[in-house]
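Accompanying notes for the structure given below.
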Amino acid sequence: MSQPEEYDDIPELTAEMMARADFHIGDKLIRRGRGRPRVASPKKQVTLRLDADVIERFRASGPGWQVRVNDILRGALETTTSPAGAKDRQR
């Protein structure tokens with residue numbers, strides 16, 4: 001029995017694809033796939049207290065707001081002359 005032409009463009013499943021896949025039985029998740037590949041410099045999760053209006057304004061700017069906060073903090077680090085100088089500006 002031959003398969004319809006519409007299936008010709010579908011790639012063959014490999015063992016690697018199957019290893020990365022989530023495994024479900026019905027609607028129940030049995031095993032989660034491997035997820036994202038590891039990066040050389042992974043981000044670290046922290047708890048940081050910021051003013052509510054600051055958070056609201058960044059969130060209002062849409063998806064990626066946490067990346068934008070990170071970029072702004074990185075820019076501030078690059079303009080700071082030394083860690084000791086940062087201590088002088090603490091509240």
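All of these numbers come straight from a predicted model, not from anything done at the bench.
Contact detail for W65 and F58: the closest heavy-atom pair is CB-O, 3.1 Å. Residue G62 comes nearest to R68 through the heavy atom pair O-NH2, 2.9 Å, listed as atom of the first residue, atom of the second, then distance.
Cluster partners of M17, by chain and number: L13, M18. The rule joins Ile, Leu, Val, Met, Phe, Trp and Tyr whenever side-chain heavy atoms lie under 4.5 Å apart.
S41 is linked by a side-chain hydrogen bond (donor to acceptor under 3.5 Å, both in side chains) to nothing, counting only residues two or more places apart in sequence or in another chain. Considering only residues two or more places apart in sequence or on other chains, E16 meets the salt bridge (Lys or Arg N to Asp or Glu O under 4.0 Å) condition with R20.
Atoms CZ and CG, from R74 and N70 in turn, are 5.5 Å apart once rounded to the nearest 0.5 Å. Atom OG1 of residue T47 and atom CD of residue Q45 lie 6.5 Å apart, to the nearest 0.5 angstrom.
Looking at heavy atoms from C-beta onward, F23 lies out of side-chain contact with L29 at the 4.5 angstrom threshold. Annotation: side chain of L50 is in contact with side chain of L48 (closest heavy-atom distance under 4.5 Å). Contact annotation: the side chain of I55 approaches that of R59 to within less than 4.5 Å [non-hydrogen atoms, C-beta and beyond]. Contact of the K28 side chain with the I30 side chain is registered, since non-hydrogen atoms from C-beta on lie closer than 4.5 Å.
Residue V69 is not grouped with residue V67 when hydrophobic side chains (ILVMFWY) are merged at heavy-atom distances under 4.5 angstrom, including chains of intermediate members.
Summarising the local packing, CD of E6 is surrounded by more than 12 heavy atoms from other residues, nucleotides or ligands at distances under 6.0 Å.
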